[in-house]
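Hydrogens, waters and symmetry mates are skipped; everything else that's a heavy atom, side chains included, is used. Counting starts at 1 for both ligands and their atoms, following the listed order. Fair warning: this is a prediction, and the values are worked out from it, not measured in the lab.
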Amino acid sequence: MEDLQPIVFEGIDPQKPIIIAGPCSAETRQQVLDTARQLAETGIRIFRAGIWKPRTKPGGFEGVGAEGLEWLKEVRDTTGMYIATEVANKTHVEEALAAGVDIIWIGARTSANPFAMQEIADTINASGSSDLTVLVKNPVNPDLELWIGALQRIYNAGVRRLGAIHRGFSTYGKHLYRNMPQWHIPIELRLRYPSLPILCDPSHIGGKRELIAPLAQQSMDMGFNGLIVESHCDPDCAWSDAAQQVTPEILNFILNTLVVRDSKQTTESLTLLRQQIDRIDNDLLEILSRRMAVSRDIGRYKKEHRMSVVQAGRYNDIIRSRVQLGEEMGMSPEFMKTVLLAIHDESVRQQIEIINDRAQ
Ligand code: PEP
Ligand code: MN
């Protein structure tokens with residue numbers, strides 16, 4: 001993917017982040033036109049709305065279908081905004097292209113499916129619309145190669161105005177985020193394909209409107225090229241993703257408080273390095289807690305066998321061998337002793353806790 005073209009639109013400042021905003025779903029003609037007008041008044045130039053909605057379970061609102069394309073055309077004609085929608089199969093692509101949609105994006109459930117991606121790519125190829133802008137969301141699962149594969153299929157269809165959207169990754173259970181950001185994955189994509197624009201979708205990562213601003217800021221700090229944000233004229237009454245949508249007015253407030261740094265290169269490299277530190281610290285904590293869990297198991301064993309917690313011989317052996325290993329890895333003996341002692345103290349404390357706990 002060497003000869004990508006920048007995603008620029010006439011009348012939109014190419015130096016600024018690309019901002020795409022609009023409701024999760026097109027619901028009614030009135031809702032689409034009201035939201036678009038309000039967004040246009042705040043200076044938003046690219047309007048999004050889902051017409052075909054991939055829902056987790058049947059029975060929910062699955063989008064208004066092709067009828068919504070007529071509303072999008074009206075948005076373009078009345079506000080002058082560029083229009084964007086999601087496609088998931090051949091018919092969607094054909095209908096979106098016939099409506100003159102400026103940007104199509106591929107959703108996270110679709111980009112995880114190579115058959116669907118190939119069908120979309122073949123349809124774009126057959127249509128000959130190589131100046132179309134196509135954005136590919138990350139697949140729902142944290143698989144960078146699958147994401148790259150989806151992008152490559154679109155690239156091979158002749159699309160050069162190609163971009164990626166980071167919308168977070170599914171996970172089991174309840175978490176702060178609806179979809180885990182796992183920032184290192186889009187960062188790795190950036191390192192592999194430096195000319196590929198990457199937008200952030202803070203709405204689907206956060207799943208809650210309060211998280212849009214911090215996530216959007218974080219993505220700007222990491223040098224993302226733009227945002228796609230869900231905005232609805234009456235968010236609480238939205239037919240899909242109500243909790244994560246904001247009014248055009250609130251969106252305008254959020255965008256005005258965003259700090260977009262110009263010295264991208266330096267900030268970006270520093271951010272990448274800090275990201276690595278964050279990841280390594282997380283790994284360290286994880287490993288330490290695994291070590292403590294083993295210590296507690298040892299505590300249970302010692303309790304059962306009436307052994308003393310601290311066994312001097314074993315302790316001295318540990319210190320000696322680890323200090324030497326640490327030195328070979330470039331760390332001073334003083335530092336190694338301090339760290340090992342602190343870890344040992346905490347292990348002992350946890351074992352004593354087990355021994356004194358009558359329930360164990
Ligand atoms: C959407 O953008 O409304 C959408 C369905 O998103 P995702 O594919 O990221 O779940
Ligand atoms: Mn949505």
Side-chain angles (χ1 to χ4, degrees), residues 18-27 31-32 35-36 39 44 46-58 60-65 68-69 71-72 83-89 92-93 96 101 103-113 116-117 120 133-143 146-147 150-151 154 163-171 175 177-182 185-186 189 198-209 211-212 215-216 219 224 226-247 251:
I18 302 162
I19 308 289
I20 304 174
C24 177
S25 308
E27 299 163 3
Q31 168 252 5
V32 167
T35 307
L39 286 167
I44 299 290
I46 311 176
F47 184 75
R48 66 149 280 161
I51 306 292
W52 300 283
K53 299 302 298 177
R55 305 310 298 274
T56 304
K57 289 184 181 152
F61 170 59
E62 297 196 315
V64 293
L69 290 169
W71 308 337
L72 286 183
I83 51 175
T85 200
E86 173 178 344
V87 295
N89 63 31
H92 296 168
V93 176
V101 160
I103 300 177
I104 58 174
W105 83 80
I106 290 129
R109 290 156 194 80
T110 310
S111 64
N113 177 350
M117 285 309 303
I120 291 168
T133 300
V134 183
L135 303 175
V136 180
K137 287 195 167 195
N138 63 262
V140 278
N141 50 323
D143 184 339
L146 193 59
W147 195 2
L151 286 156
I154 302 295
I165 300 175
H166 172 44
R167 52 75 81 194
F169 301 91
S170 291
T171 180
H175 298 272
Y177 301 107
R178 177 180 178 189
N179 292 296
M180 302 309 247
Q182 306 220 38
I185 296 178
L189 181 66
I198 309 181
L199 275 63
C200 177
D201 175 346
S203 313
H204 288 90
I205 296 178
K208 314 175 185 64
R209 50 185 75 113
L211 292 177
I212 294 176
L215 286 165
S219 71
F224 278 58
L227 299 167
I228 176 164
V229 191
E230 289 189 338
S231 177
H232 189 291
C233 56
D234 186 3
D236 287 330
C237 295
W239 297 0
S240 59
D241 289 350
Q244 68 192 36
Q245 302 205 56
V246 285
T247 59
L251 177 63

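Closest to atom 6 (O) of ligand 1, if we only count protein heavy atoms, is Lys137 NZ, 2.9 Å. Given atom 4 (C) of ligand 1, the protein heavy atom at minimum distance is His204 NE2, 3.5 Å. If you check which protein heavy atom lies closest to atom 5 (C) of ligand 1, you get Glu86 OE1, 3.5 Å. The closest protein non-hydrogen atom to atom 8 (O) of ligand 1 is Ala108 N, 2.9 Å.
Taking a 4.0 Å cut-off on heavy atoms, Cys24 registers as neighbouring ligand 1.
To the nearest 0.5 Å, atom CD of residue Gln31 and atom OG1 of residue Thr35 are 5.0 Å apart. Atoms OG1 and CD1, from Thr133 and Ile20 in turn, are 9.0 Å apart once rounded to the nearest 0.5 Å. Here the CD1-CD distance, from Ile212 to Gln245, works out to 8.5 Å after rounding to the nearest 0.5 Å. Note that CZ of Phe169 is 4.0 Å distant from CG of Asn138, once rounded to the nearest 0.5 Å.
The Glu230 neighbourhood of ligand 1 comprises atoms 1 (C), 3 (O), with distances under 4.0 Å to a heavy atom of that residue. Which parts of ligand 1 touch Gly107 is read off a 4.0 Å heavy-atom cut-off, strictly below it: atoms 8 (O). Every atom of ligand 1 is numbered from 1 in the order shown, and the set under 4.0 Å from a heavy atom of Arg109 is 7 (P), 8 (O), 10 (O). Residue-ligand proximity, Lys53 to ligand 1, at heavy-atom distances under 4.0 Å covers atoms 1 (C), 3 (O), 5 (C). Residue Arg167 has at least one heavy-atom neighbour below 4.0 Å for each of these atoms of ligand 1: 7 (P), 9 (O), 10 (O). Which parts of ligand 1 touch Arg48 is read off a 4.0 Å heavy-atom cut-off, strictly below it: atoms 1 (C), 2 (O), 3 (O).
Residue-level check: among N/O/S atoms of Glu230, OE2 sits closest to the Mn ion (ligand 2). No other N/O/S atom of Asp241 lies as close to the Mn ion (ligand 2) as OD2 does.
Salt-bridge annotation for Asp241 and Lys53: absent, with no side-chain N of the basic residue lying under 4.0 Å from a carboxylate O of the acidic one.
Within the 4.5 Å cutoff, the side chain of Ile51 has heavy atoms near those of the Leu72 side chain. Inter-residue side-chain proximity for Phe47 and Pro23 is flagged as met; some heavy-atom pair is nearer than 4.5 Å.
Side-chain contact of Glu230 with His204: a donor-acceptor pair under 3.5 Å is present, judged by distance alone.
Between His166 and Phe224, the angle of the ring planes lies from 30° to 60°, which puts this pair in the tilted group.
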